[in-house]
Amino acid sequence: MSGRSTFYVTTPIYYVNDVPHIGHAYATLACDVIARFKRLDGYDVHFLTGTDEHGQKVEKAAAAAGLTPQAFTDKVSQSFRDLIGVMNFSPDGFIRTTEKRHYAACQALWEKLVAAGDIYLGKYAGWYSVRDEAFYADSETEVGTDGKRRAGPVGNEVEWVEEPSYFFKLSAWGDRLLEFYDKNPRFIAPESRRNEVISFVKGGLQDLSVSRTSFSWGIPVPGDPKHIMYVWLDALTNYITECGYPDESNPLWRFWPADLHIIGKDIIRFHCVFWPAFLMAAGVATPKRVFASGWWTTEGQKISKSLGNAIDPVAATAEFGLDPFRYFLLREVPFGNDGDFQRRALIGRLNADLANAYGNLCQRVLSIVAKSCGEKVPPKGTLVEADTALLDRATGLLAVVRAEFDEQAFHRALTSIWEVIADANRYVDAQAPWALAKTDPVRRDTVMWVLAETIRRVTLLVQPFMPDSTAKILDQLAVPAEARTFAAFDRELASGTTLPKPQGVFPRFVEPAAAAS
RNA sequence: GGGCCCGUAGUUCAGUGGUUAGAACGAGCCGCUCAUAACGGUUAUGUCGCAGGUUCGAAUCCUGCCGGGCCUACCA
């Protein structure tokens with residue numbers, strides 16, 4: 001393709017035994033905002049999401065629902081596809097592990113691992129939990145008062161299983177993984193997760209059972225189709241399937257290695273230990289960075305099915321608006337931390353940050369321009385120090401926000417942007433354009449130009465977070481579509497351009513009960 | 001058991017050796033009136049979890065304790 005730098009970002013692929021909730025929406029939102037930012041910044045971006053559809057759990061859930069596994073996964077996978085529209089995500093690809101191309105990629109990777117001598121046939125015996133799809137050591141299980149053996153006192157029921165299994169020689173990769181982490185300090189973020197992984201690997205690695213014979217809903221092992229590939233070997237491979245693996249002449253292969261895998265903190269081991277080991281063993285380049293996001297609680301409580309307190313993205317966006325919801329999720333909590341979803345906090349952000357600070361800034365500026373400047377971008381007169389100070393701060397944001405995005409520090413990026421919004425509000429008060437209207441209309445016009453131009457610069461940077469709302473604001477500034485990327489960051493508003501009638505973009509949120517009284 | 005992280009104003013957090021510990025939101029007061037009862041200015045609040053120690057000096061380093069979260073082999 002062109003000489004542009006590529007940027008490949010992925011969500012976890014979502015397991016289809018669950019309906020989409022805030023956790024899924026959150027991880028994908030983070031990827032979406034990054035993908036949008038990188039596109040605006042001129043990168044050749046590929047943004048992948050999808051669903052993980054194999055395994056014994058899915059096979060059983062399908063049977064329980066009276067459906068074939070394929071029909072069952074078709075249905076659930078669609079609910080994740082629907083989330084894209086609800087949240088206004090912008091993926092370039094949606095992968096399903098039940099696709100043909102994925103079978104081919106997994107089997108090709110398997111054969112590479114065999115050829116490299118990293119896979120051998122052995123036997124696995126142990127306590128197995130169907131529900132967990134996991135084996136447990138004898139010491140990890142105990143027999144309850146009902147006579148059933150469980151994985152821990154409150155775990156799921158386990159049964160003794162012995163089966164032939166292929167193993168991946170993970171035990172041989174400990175030192176090479178530690179060296180890899182050492183040479184790639186940015187590979188795992190945040191820092192505390194990196195510490196956990198390194199400590200885990202230093203504790204010693206055992207070979208990994210990578211096939212099952214106890215069920216059939218999965219990808220057959222090449223040459224030994226009684227064996228089904230371990231679901232994680234299957235699932236992780238999706239990231240290279242998308243790029244055409246093993247066909248390196250596929251045009252999408254230019255995106256590998258991935259720049260960023262965003263995942264939930266629960267699956268960090270698979271992505272930071274197994275995945276790089278598989279890839280190194282197969283002679284495939286390793287991804288550059290894995291970022292583990294935290295979990296959300298609701299009003300201080302753990303989200304659970306029994307409490308029924310899960311945040312439904314459809315309901316949340318319907319009540320508060322899509323963009324405010326997107327903004328809140330990334331502004332309220334430092335990315336990587338756990339977060340608490342509080343209604344009061346969301347309304348606070350919506351009113352204080354969006355309606356009052358940003359929305360009202362746009363409104364007060366645009367309405368003066370409409371009323372007093374003939375509905376045109378006013379003439380840019382001679383700039384004084386206060387003007388250039390504000391404009392320079394807005395311009396400086398681009399570099400600041402870029403740096404914060406490199407760390408996935410969305411909340412800090414937004415904080416920096418909102419500091420300039422506050423500066424702009426202070427500037428309005430200090431310049432008092434309503435007073436200048438009587439004493440010095442020329443100066444008033446310059447002040448209004450400075451403000452409109454500041455809003456333009458700020459809004460360009462807010463686009464990845466709130467694409468719809470910012471599009472409306474840029475429309476009101478008559479910024480043409482092709483001038484909305486960062487390449488056009490320095491393309492100032494042209495005086496004399498006709499502007500449409502201003503309209504509020506971020507209405508205040510009033511509790512329905514309060515509005516009624 | 002081992003390991004990692006955290007405990008700072010009503011709330012969410014920043015601050016990792018050095019002036020009277022900061023910000024935002026919320027609260028009070030004042031100003032302004034272009035604007036979405038928005039904006040600006042200003043005031044107030046904290047034994048920086050507890051107890052020791054190192055240091056000329058600690059929220060910041062060390063030790064112990066208390067409290068919370070997480071990881072500890074294959075569940076998103």
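Below, chain A is the first sequence line, B the second, and so on; all start at residue 1.
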- prompt: Between A:H271 and A:Y239, what is the ring plane arrangement, given parallel below 30°, perpendicular above 60°, and tilted in between?
  reply: tilted
Inter-nucleotide P distance (B:rA24, B:rU60), Å rounded: 25 Å
- prompt: Is there a donor-acceptor pair under 3.5 Å between the side chain of A:W217 and the backbone N or O of A:V58?
  reply: no
task: For nucleotides B:rG15 and B:rA21, find the distance between their C1' atoms and express it as a whole number of Å.
output: 8 Å
query: Can a salt bridge be assigned to the pair A:R349 and A:E332 using a cut-off of 4.0 Å between side-chain N and carboxylate O?
result: yes
task: Could you encode protein contacts along nucleotides 34-44 of chain B as a string, one character per nucleotide from 5' to 3', using B for base contact, S for sugar-phosphate-only contact and - for no contact, with a heavy-atom cut-off of under 4.0 Å?
output: BBB-SBSS---
message: I'd like to check A:T11 versus A:F47 (side-chain heavy atoms, cut-off strictly below 4.5 Å). Are they in contact?
response: yes
- request: Determine, step by step, whether A:K265 and A:D338 satisfy the salt bridge (charged side-chain N to carboxylate O under 4.0 Å, His left out) criterion, reporting the C-alpha distance in whole Å, the side-chain angles of both residues, the deciding distance to 0.1 Å, and the verdict.
  value: CA-CA 10 Å; A:K265 66 181 182 183; A:D338 288 342; 2.9 Å; yes
- request: For A:L205, report the nucleic acid contact type (base, sugar-phosphate, nothing); a contact means any heavy atom under 4.0 Å.
  value: base
task: Figure out the CG/P separation between A:L414 and B:rC25, and round it to whole Å.
output: 15 Å
message: Within this structure, what is the CD-CZ distance for the pair A:E242 and A:F94, rounded to the nearest 0.5 Å?
response: 11.0 Å
field: Atom pair distance, as rounded to whole Å: CG in A:D423 and C1' in B:rA24
entry: 15 Å
- request: Could you walk me through whether A:D423 and A:R426 pass the salt bridge (charged side-chain N to carboxylate O under 4.0 Å, His left out) test, one step at a time?
  value: CA-CA 5 Å; A:D423 286 341; A:R426 271 189 286 275; 2.8 Å; yes
task: Measure from the side-chain N and O atoms of A:E453 to the backbone N and O of A:L493, and report whether any donor-acceptor pair falls under 3.5 Å.
output: yes
task: In whole angstrom, give the distance that lies between atom CD1 of A:I188 and atom P of B:rC71.
output: 16 Å
message: Would you call the rings of A:F278 and A:F168 parallel, tilted or perpendicular, taking 30° and 60° as the class edges?
response: perpendicular
Sugar-phosphate, base or nothing in reach of A:G294, heavy atoms under 4.0 Å: nothing
message: Between B:rA14 and B:rC6, how many Å separate the two C1' atoms, rounded to a whole number?
response: 15 Å
message: Wobble G-U and Watson-Crick pairs count when both distances are under 3.5 Å; given that, what is the 5' to 3' dot-bracket string of RNA chain B, with | for pairing to other strands?
response: ((((((((.[[[[.)..(...]]]].(((((.......))))).....[[[[[..)....]]]]])))))))....
Integer-rounded Å distance: B:rA76 C1' and A:H54 NE2: 17 Å
- request: Determine the Euclidean distance between corresponding C1' atoms of B:rC70 and B:rG28; express it in Å to zero decimal places.
  value: 41 Å
message: Without decimals, in angstroms, what is the distance between A:E419 CD and B:rA14 C1'?
response: 12 Å
- prompt: Think A:R269 forms a cation-pi with A:F200, using NZ or CZ under 6.0 Å from the six-ring centre and within 45 degrees of its axis?
  reply: yes
query: Minimum heavy-atom separation for A:W173 to A:L205, with atom names?
result: C-CD1, 4.5 Å
Show each protein N/O and nucleotides 5-13 of chain B N/O combination with a separation under 3.5 Å, one pair to a line.
none

- request: Report which part of the nucleic acid A:I267 touches: base, sugar-phosphate, or nothing (heavy-atom distance under 4.0 Å, all strands).
  value: sugar-phosphate
task: Between B:rG22 and B:rA59, how far apart are the P atoms? Round to whole Å, please.
output: 13 Å
query: Between B:rG3 and B:rU45, how far is it from one P atom to the other, in whole Å?
result: 42 Å
- request: Rounded off to whole Å, could you give me the CH2-to-P distance for the A:W232 and B:rA73 pair?
  value: 17 Å
- prompt: How far does the C1' atom of B:rG67 sit from the matching atom of B:rU8, given to the nearest Å?
  reply: 15 Å
message: Between A:R331 and A:Y14, which residue's closest nucleotide on RNA chain B lies nearer the 5′ terminus?
response: A:R331
- prompt: Do A:P91 and A:I84 have side-chain heavy atoms sitting under 4.5 Å apart?
  reply: yes
statement: Comparing nearest nucleotides in RNA chain B, the 5'-proximal residue of the pair A:R269, A:S199 is A:S199
task: Looking at every strand, decide which applies to A:R344 at a 4.0 Å heavy-atom threshold: base, sugar-phosphate, or nothing.
output: nothing
- prompt: Quick one: A:F274 CZ to B:rA73 P, roughly how many Å, whole number?
  reply: 10 Å
query: Where the side chain of A:R176 meets the backbone of A:A172, is there a donor-acceptor pair that is under 3.5 Å apart?
result: yes
query: To the nearest Å, how far apart are A:L236 CG and B:rA76 C1'?
result: 13 Å
